[in-house]
Novice: 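Take a look at the following structure, please.
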Number of protein chains: 2
Amino acid sequence: MKIETIRLNVSSGERHRLRTQIHEELRVVAVVLLMLLGLGFATFVQAAQTLRGSGDLAVIVERTSGAVQIVETSGNSAVGRVGGLGDLSHASVVYSRDQRYAYVFGRDGGLSKVDLLTQRLVKRVIQSGNGIGGAISQDGRLVAVSNYQPGGVRVFDATSLAPVADIAAEYAPGRLSKVVGLVDAPGQRFVFSLWDAGEIWMADMREPNRPVVRRFKDIGKHPYDGLITPDGRYYIAGLFGEDGMALLDLWHPDRGVRRVLSGYGKGEQVLPVYKMPHLEGWAVAGERAFVPAVGHHAVLVMDTHDWREVGRIPVHGQPVFVMARPDGRQVWVNFAHPRNDTVQVIDTDTLQVVNTLKPGKGVLHMEFEPRGEEVWVSVRDADQVQVYDTASARLRTTLSAAKPSGIFMSARAHRIGL
Amino acid sequence: MKIETIRLNVSSGERHRLRTQIHEELRVVAVVLLMLLGLGFATFVQAAQTLRGSGDLAVIVERTSGAVQIVETSGNSAVGRVGGLGDLSHASVVYSRDQRYAYVFGRDGGLSKVDLLTQRLVKRVIQSGNGIGGAISQDGRLVAVSNYQPGGVRVFDATSLAPVADIAAEYAPGRLSKVVGLVDAPGQRFVFSLWDAGEIWMADMREPNRPVVRRFKDIGKHPYDGLITPDGRYYIAGLFGEDGMALLDLWHPDRGVRRVLSGYGKGEQVLPVYKMPHLEGWAVAGERAFVPAVGHHAVLVMDTHDWREVGRIPVHGQPVFVMARPDGRQVWVNFAHPRNDTVQVIDTDTLQVVNTLKPGKGVLHMEFEPRGEEVWVSVRDADQVQVYDTASARLRTTLSAAKPSGIFMSARAHRIGL
């Protein structure tokens, strides 16, 4: 800035004018500088407020308001809310590898990228007419969405959400299948199942816009969901109304898909599609899997070596989610309507129910903190999320949330298949 | 700010003085405002630069310069360096649960808290004369350091580094033992071993300044290190010059400590203390543990059910670290001097060495990215850290680092026992 020398050798009238002018100019300069300073400071304060680690963040889906609430799990408090995410009646979330961004997959085919640190919607694309789930590639560069309509998997650049690949689930000329059970797998792969075709597909994404797809046919009728074991080795698809499940060993794809868990689901009444159990509700803890018994008030215990039933634990209702605490010592179970006001805790060592909690009507989901000291429980009808100490099963904190459903912690970024 | 009206009804000499004075005052005002503006802007820019997720950060110990280098694993680049951390010739690192802070434990008893986002040393305490390792509690609120001198474990508040508890390893009146093998365990516990006493201690920290310590005596002579299985259930202490190892089932502490791995280390030459193998170099992958064979060019394969040897894989030299890729399909092995220029990759399915790499002299440590797509290798004598694609074993990136040793990724925050 340059300050002009002021000429004072002037008439009285001019003096007055000049005095006023100097006065005004000084004001303008001062005001502009103060505004700039204030702007810089405000932006700094905002940046400083959001300068925080992202490892203890989580999002809670508020299913009826098209929003996610961002929370932190160190002090158990709300951080912010991001809306405008469309239909979240069936939503899931994956995380960028730096844990800054959450990718939210909505029922309406919407794919939204949310910045957890600034609490802003960065980008949103409607990528299909009807989406059902998503996954992020091992290297974090690709986000995939599985679609009912048009049936297939669409792959996007994780940074820009620009389309990268479109894998149409065309199992016969002109016929596209609904896609379910999409997961990421080691080796930069996506694995998913074709409801209409009875197939499992494995897509190698090492060249992102040239996916190499391997098809496994005749795996059984109507796969309705899939899961991958925590080590990323086994992909298991549930079969609708058929006996057993379809298992693919991703270490040995040449050996093909084989049927396991014979007797599981056999002879059960065929349920309407919207009530099909989620396989995310399976807990694989060490050499055992804890599995909701379809249509029974029981949790089944399976041996993961041969996928046979080795135990059956009577519980309060029909289990929905059977979640293992990260150390594998407990599984927490919630239940289907009308018994969805209850959560039970099973000791995996004794196979006994050791605690029965009543969080309230509409317990929809549970998520453990990554080292298992606390678990977050969404209670839809109470508009609450409750945080429990897992050692004592005591309630520690209650947070407000509008009709909360899924809870997703950012630690998922570091896990295979989540 | 208030601008004074300027009186111009003055003599010529006064006019000049006044003109100069106004000139000067304007200058001062402008300069001060500009300085403030610049300061605010600079701080804003700094804060904005550091506004980033913390899930893909890591620190690399630069052992001879008392510094850590901060890097990020998405683009594989250097982020910053923090020095003044004392003697890091034997250093380890744990992370805060939000992954913002790294706690660095030095050989000199120094405990340093480093802010990864601002790249600053937040706090440093010299907590003993000779430290050997550290751990962070399950809930992230307590940081513990194990000491040789004075023998014991000191516990600090993770936020302030204020002392919280001092567990003297007094195994007999007036006699303190060196403490080794300190780990965190589920249930807000720390577990560690007493070199001089031949004991394992388990400290319950639920009341932080009133630790409840349980002692397990006569576990074997001179435990030299300990490890905890990834699920936090089994604590295993290595025994110096004795047959086998000491195992404590933390699910059933009442059953006491039992001896496992009979034959492991038996009849081996007693090595000088500074060459004792690190048990961090054990890879537990599913139901198998891959273990360095003491004094042999072999990796042992153990069954984790009964801790018996089920295989022996010939390798290039005496293994130091045997690290499992997160999906368990590979283990990567480095070797003791003079064969420390080599890394070998074992396929855990076939138990064959499938790759032999030559990163250079002085390969000291390896760390996998949390979903296993890349591995970081420190090569001391080349002053390099090399990043390999684990699927192809091809070198992807090389970064400069001054005599790098340990590499610690922030994803450790979410793991039990790390």
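Each chain gets a letter, A, B and so on, in the order its sequence line appears, and its residues count up from 1. We use all heavy atoms of the structure for the numbers below, so side chains are in, but hydrogens, waters and symmetry mates are not.
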Novice: Report the distance from atom CG of Asp98(B) to atom CZ of Arg52(A), rounding to the nearest 0.5 Å.
Specialist: 6.0 Å
Novice: Taking atom types as modelled and ignoring hydrogens, do the side chains of Thr73(B) and Arg97(A) form a donor-acceptor contact shorter than 3.5 angstrom?
Specialist: yes
Novice: Which region of Ala391(B), side chain (C-beta onward) or backbone (N, CA, C, O), has a non-hydrogen atom less than 4.5 Å from a non-hydrogen atom of chain A, or is it both or neither?
Specialist: neither
Novice: Name the option with the most non-hydrogen atom pairs under 4.5 Å to chain B; the candidates are Asp231(A), Asp327(A), Asp139(A).
Specialist: Asp327(A)
Novice: Mark yes or no for whether Arg100(A), through its side chain, and Leu51(B), through its backbone, hold a donor-acceptor pair below 3.5 Å.
Specialist: yes
Novice: Chain A: which of Ser74(B), Ala413(B), Gly232(B) shares the most heavy-atom pairs with it under 4.5 Å?
Specialist: Ser74(B)
Novice: Applying side-chain contact (heavy atoms from CB on, under 4.5 Å) to Trp251(A) and Thr348(B), what does each step give before you reach the verdict?
Specialist: CA-CA 11 Å; Trp251(A) 288 16; Thr348(B) 61; 3.7 Å; yes
Novice: Look at Arg141(A) together with Glu373(B) and state whether they make a salt bridge at an N to O cut-off of under 4.0 Å.
Specialist: no
Novice: Considering only heavy atoms and a distance below 4.5 Å, find which of Ser96(B), Ser137(B), Ala185(B) pairs most often with chain A.
Specialist: Ser137(B)
Novice: Minimum heavy-atom separation for Ser54(A) to Gly55(B), with atom names?
Specialist: OG-N, 3.9 Å
Novice: Glu369(B) versus chain A, heavy atoms under 4.5 Å apart: side chain, backbone, both or neither?
Specialist: side chain
Novice: Between Arg371(A) and Asp184(B), does at least one N-O distance fall below 4.0 Å, as a salt bridge requires?
Specialist: yes
Novice: In terms of heavy-atom pairs under 4.5 Å with chain B, which of Glu374(A), Arg329(A), Gln99(A) leads?
Specialist: Arg329(A)
Novice: When heavy-atom pairs shorter than 4.5 Å are enumerated against chain B, which of Ile136(A), Leu116(A), Thr229(A), Asp389(A) gives the highest number?
Specialist: Ile136(A)
Novice: In sequence, state the C-alpha distance, the side-chain angles, and the governing distance for His414(A) and Met409(B), and then conclude on side-chain contact (heavy atoms from CB on, under 4.5 Å).
Specialist: CA-CA 11 Å; His414(A) 300 322; Met409(B) 296 198 186; over 6 Å; no
